[in-house]
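In what follows, a structure is listed as structure tokens, so that the remarks can point back to it.
Both ligands and their constituent atoms are indexed starting at 1 by order of listing. Sequence positions, counted from 1, serve as the residue numbers for this chain.
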Amino acid sequence: MALRTSPKLDASKLRADFPIFEQQIHSKPLAYLDSAATAQKPRQVLEALRTFYETSYANVHRGVYELSERATAGYEGARQKLAVFVNAPSEREVIFTRNATEGLNLVAYAWGLVNLGPGDLVVVTELEHHSNFVPWQYIAKRTGAGFRMIPLDEQGELDLGELDVVARDGNVKVLACNLVSNSLGTINPVERISAWAHEQGAIMVVDAAQAAPHKAIDVQALGCDFLAFSSHKMCGPTSVGVLWGRRELLEAMEPFNLGGHMIRAVRFEETTWGEVPAKFEAGTQPIAEAVGFGAAADYLSAIGLDAVEQHEHELAAYALDRLAELAGVTVYGPPADRRAGIVSFNVEGIHPHDVAQVLDLEGVAIRAGHHCCQPLMQKLGVAATNRASFYLYTLPDEIDRLIAGLHKARKVFG
Ligand SMILES: Cc1ncc(COP(=O)(O)O)c(C=O)c1O
């Protein structure tokens, strides 16, 4: 388990920051165990959004008037906060996107279309979310490059022994991998994989959608070239994310979206591109959302990402212990010390959707489905799983309610 460098967090106290928990669902207190899908929002973020709209809202980088300058300062201030959040060498390497998915597509299109071809290989893992699988599969096909996967072992962890086997099939040009799996909670050894990718002359693309909310991110320590994440999974608003990229790569790349703001000069004959990050931020950006994203980064940093990570490890360990009490429950993925606060499982003889519906009537919200990981489901030999996921506001008592709900599901469908 990670060493604790910030004080243990007090989840019951933090819950008071989240207005959503003031209501009841089906006359029961809300046990929200679906934070891996999206996280709830604290007052601090909601108030930052409201204040920005009420006092500083205008379009950015356009006007010379006071309000536009205030809005630009808010937007660029958020960029700075997010650069610090991932320890980026420069805030100019931080590109605001719509979400992690758009960040990953940006790299696949803008880097991949130009740099990949026959004889090259794009390597992903069997553990990827569709957002870090489908764009690469598609761009590999379009460019004639090969597409390979690092397989999983029995524990749901990457079998890195297979890396050198995969590399025999061509020139590895891209390695795309998540830092934390949204299905199994597996924490992947991205530093090792980055080092290997660079030995091959490949770029390392990290999907941190599930990691950034839960653990401290340091792009320099990870040794990656690109890293994407979404605001909405880390207590921030929807419709904004970040793609961090190494400056020299971003500068060499073609743009992804074309239009206003991303240009240097537009002539009848030709258009030239603006500097990074503007080159990748065409059109009106999610301005207020970026400000809210910055407020979410402040909120998490004040609590301490190490404390969040530790809290989740403890909850995951507790959930695994409690699930082990139930006969006929299959839990997928690694032991608690090597996973974030995500637990996927199936109850023998009961479809995951039926389990989730019984739990809903108990006020317990969990996810049932393929979690946008159909290749992983194929590997596990199931169509779907149940998934309970935890965050800084999750209490052990809510895991007890999950277990009680599973007993109930057994009675209903048994
Ligand atoms: C690991 C992982 N990658 C990528 C995504 C895509 O995130 P978004 O839908 O915010 O683009 C998710 C969302 O669930 C995820 O869990």
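- Near Ala209, with a cut-off below 4.0 Å to any heavy atom, the atoms of ligand 1 are 2 (C), 3 (N), 4 (C), 5 (C), 12 (C), 15 (C).
- The nearest heavy-atom contact from the protein to atom 14 (O) of ligand 1 is Lys233 NZ, 2.6 Å.
- For atom 16 (O) of ligand 1, the nearest non-hydrogen atom of the protein is Gln210 NE2, 2.6 Å.
- Both the sub-6.0 Å distance and the 45° axial angle are not jointly satisfied by Arg15 relative to the ring of Tyr393.
- Partner Met262 forms a side-chain contact (heavy atoms from CB on, under 4.5 Å) with one of Trp273, Phe280, Phe256 and no other, that one being Trp273.
- Of the protein's non-hydrogen atoms, the one nearest atom 15 (C) of ligand 1 is His129 CD2, 3.3 Å.
- In this structure, atom 2 (C) of ligand 1 lies nearest to the protein heavy atom Asp207 OD2, 3.4 Å.
- Which parts of ligand 1 touch Ser230 is read off a 4.0 Å heavy-atom cut-off, strictly below it: atoms 7 (O), 8 (P), 10 (O), 11 (O).
- Distance alone, capped at 3.5 Å, places no donor-acceptor pair between the Thr143 side chain and the Leu113 backbone.
- Counting the atoms of ligand 1 from 1 in the order shown, those under 4.0 Å from a heavy atom of His232 are 8 (P), 10 (O).
- Aromatic ring centroids of His214 and His311 lie 6.0 Å or more apart.
- Protein heavy atom in closest approach to atom 11 (O) of ligand 1: Thr101 OG1, 2.5 Å.
- Separation of the Phe147 and Phe133 ring centroids falls under the 6.0 Å cut-off.
- The aromatic rings of Tyr109 and Tyr138 sit tilted, their planes meeting at an angle between 30° and 60°.
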